[in-house]
Amino acid sequence: MKLPPLRALQCFEAVARFNSFSKAADQLNITQSAVSHQVRQLEEYLGESMFNRRGRTLSMTDMGERYYEEVSQSLANISTASQQIREGKSGKIRLALYSSLAVKWLIPRLDNLRQQYPEIDLSLNMVADEPDCSDQVADCFITVNPPKRNFVSQFLYAERLYPVCGKKLWQQIQDQPLPDALWQHPLLSVQSVYPDSALGEDWQRWCELGGFTLPKTATVHYFSHMLMAAEAARYDQGITLLNHYLMNDQDRQHNLVRIPMHDILTGDNFYFVYKKSRAKQTDIVKLGRWLKQQCYDQEVYGYDQDLDGPE
C-alpha cells in the first residue's frame, strides 16, 4: 500500500491547524514555499483540494476537514508512540539488575523509594548474568559493563568483598587466631566474581592481599553465584567472601557475621545505566538520584559501621 509522504502530511496538518501557510512554516522551521509545495504534492496524490484559496483568505474544503480529523489524530498517535519508545511511559519504569543485588540490597529498600516517589511504578527484571541493555529487556539497568555509546552511566559503587560466616561458626573461631582459624572450615568460593580465572581465585587474591598463602589442605566448595554462597554461609556451611552490599541489616542481626579481617576490591564498578534519549525522563532521573543516595548511605552508615567487626 502506497502512502503519502509523511512530510506532506505534517505540512498539511500544520496549515490546517493554524489556518495559515506562513504560521505553519514558522512552526515547522521551513520556508512558506516549501510548505505550499508539500501541500500541493499531497493534493495531487489524493486527487482532491484540501483548501479553498481566495486571495489572502484560506479555508478548508469539506474533504480537507474530514481528512484533517483523521490525519491529526494519526500524527498524534505516531508522536506518542515514538516518544514512549524513546523515553518510556511516564511513571512506569523497568529496571534490570543482578538477582543477588535485587534480593539482598534493593528490595529491602523499596518502601523508602515508594515513600519518596509514590508516582514511580517500578518493576524489576532480575538477571543472573550481564543484562542486555535493550528496550526489550528494561528501561534502565544496573550493570558493571555499561555500553560505550548512546547511554548515560552513573557510578554507584565499587565492589568490595569481606569474609563472612554464620553466627554458630563464628562462635567456634572467634577466640582463635586469624587467619589460621579459617582454614579449619570449608571456604565457599564464587566463580562469578572472577569468571575468567581459575576456581578459587577470589580466595587466592584475598589471601595474597593479606600477605599470607592459602593452605593446600584448605577445603573449598564452589558456587556459580554469590547469593548461593551467602545462603550456604548463613546456614554455617562455611566461610564466604561477600559483596558488602549483599549483607543487609537482618543478616547482621540474625544470620551473618563479618569476620574482622581485610576486604578486597574486585575491580568491578556498578553503574546505573539508561539511554541518552531518556536523559530528561523525570522518573528515571529521580530513580538514579535515589539509587545514588542509597549507595552513599550504604558506604557512610552501613559499610563503615562494620569495620570494627562483630560485637
Side-chain angles (χ1 to χ4, degrees), residues 1-96 117-123 133-141 146-154 272-290:
M1 179 184 296
K2 187 177 180 181
L3 300 174
L6 180 59
R7 191 57 167 167
L9 291 175
Q10 290 176 313
C11 289
F12 163 73
E13 188 277 336
V15 173
R17 177 157 42 95
F18 291 108
N19 196 38
S20 168
F21 279 85
S22 60
K23 290 181 180 179
D26 291 339
Q27 173 73 17
L28 298 172
N29 198 28
I30 58 177
T31 65
Q32 183 173 336
S33 61
V35 173
S36 299
H37 176 72
Q38 291 290 335
V39 172
R40 193 178 308 113
Q41 276 192 326
L42 179 64
E43 290 176 327
E44 291 175 357
Y45 173 86
L46 297 173
E48 294 282 350
S49 295
M50 298 290 103
F51 297 97
N52 294 313
R53 303 168 177 85
R54 295 185 180 89
R56 294 186 176 182
T57 303
L58 182 69
S59 62
M60 278 193 292
T61 63
D62 291 341
M63 180 63 70
E65 289 180 353
R66 292 199 297 271
Y67 195 59
Y68 173 70
E69 290 180 3
E70 295 292 338
V71 167
S72 60
Q73 185 59 53
S74 297
L75 289 176
N77 291 339
I78 291 173
S79 176
T80 299
S82 300
Q83 183 176 5
Q84 287 181 356
I85 290 176
R86 282 177 57 87
E87 301 182 358
K89 293 182 179 180
S90 178
K92 296 182 180 294
I93 301 177
R94 299 168 299 154
L95 173 64
Y117 301 110
E119 69 276 14
I120 295 179
D121 182 5
L122 181 67
S123 61
C133 294
S134 163
D135 287 339
Q136 295 181 344
V137 176
D139 305 305
C140 46
F141 313 84
K148 302 298 183 183
R149 300 176 58 188
N150 301 321
F151 280 81
V152 176
S153 299
Q154 297 179 353
F272 177 59
V273 173
Y274 54 91
K275 283 186 174 180
K276 287 184 177 178
S277 60
R278 291 179 172 173
K280 294 183 179 180
Q281 186 174 345
T282 304
D283 296 322
I284 287 183
V285 173
K286 290 178 181 177
L287 177 61
R289 186 184 304 126
W290 179 82

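Here the OG atom belonging to Ser36 is positioned 7.5 Å from the CZ atom belonging to Arg53, to the nearest 0.5 angstrom. Interatomic distance, CG of Leu75 versus CD of Glu70, reported as 11.5 Å (0.5 Å rounding). Rounded to the nearest 0.5 Å, atoms CG (Asp121) and CG (Asp283) are 9.5 Å apart. In this structure, OH on Tyr274 lies 11.5 Å from CZ on Phe151, to the nearest 0.5 angstrom. Separation of atoms OH (Tyr67) and CG (Leu46) is listed at 4.5 Å; rounding is to 0.5 Å. We find the OG-CD distance between Ser74 and Glu69 to be 11.5 Å, quoted to the nearest 0.5 Å.
At least one donor-acceptor pair under 3.5 Å links the side chain of Thr61 to the backbone N or O of Ser49. With Ser134 contributing its side chain and Gln136 its backbone, the two residues share a donor-acceptor pair below 3.5 Å. Judged by distance alone, with hydrogens and angles left aside, the side-chain atoms of Arg278 form a donor-acceptor pair with the main-chain N or O of Asp139 at under 3.5 Å.
Counting only heavy atoms from C-beta outward, the side chains of Asn19 and Val15 never approach each other to under 4.5 Å. Between Met50 and Met63 the shortest side-chain heavy-atom distance falls below 4.5 Å. Residues Phe18 and Gln27 are in side-chain contact: their nearest non-hydrogen atoms beyond the backbone lie under 4.5 Å apart. Put simply, the side chain of Gln38 does not reach to within 4.5 Å of the side chain of Phe12, judged on heavy atoms. In this structure, the side chains of Cys11 and Ile30 come closer than 4.5 Å at one or more pairs of heavy atoms. Within the 4.5 Å cutoff, the side chain of Lys92 has no heavy atoms near those of the Ile120 side chain. With a 4.5 Å cut-off on side-chain heavy atoms, Cys140 and Val273 do not count as touching. You'll find the side chain of Leu287 reaches within 4.5 Å of the side chain of Leu122, heavy atoms only.
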For this session: Might you work through the side-chain contact (heavy atoms from CB on, under 4.5 Å) test for Phe21 and Val39, ending with a clear yes or no?
Result: CA-CA 10 Å; Phe21 279 85; Val39 172; 4.1 Å; yes
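Between Lys275 and Asp135 there is a salt bridge, since a side-chain N of the basic residue sits under 4.0 Å from a carboxylate O of the acidic one.
Summarising the geometry of Tyr68 relative to Ala16, their closest heavy-atom pair is CD1-CB, 3.4 Å, with the distance given to 0.1 Å.
For the salt bridge (charged side-chain N to carboxylate O under 4.0 Å, His left out) condition, the pairs that include at least one residue of residues 9-33, sequence neighbours left out, are Glu13-Arg17.
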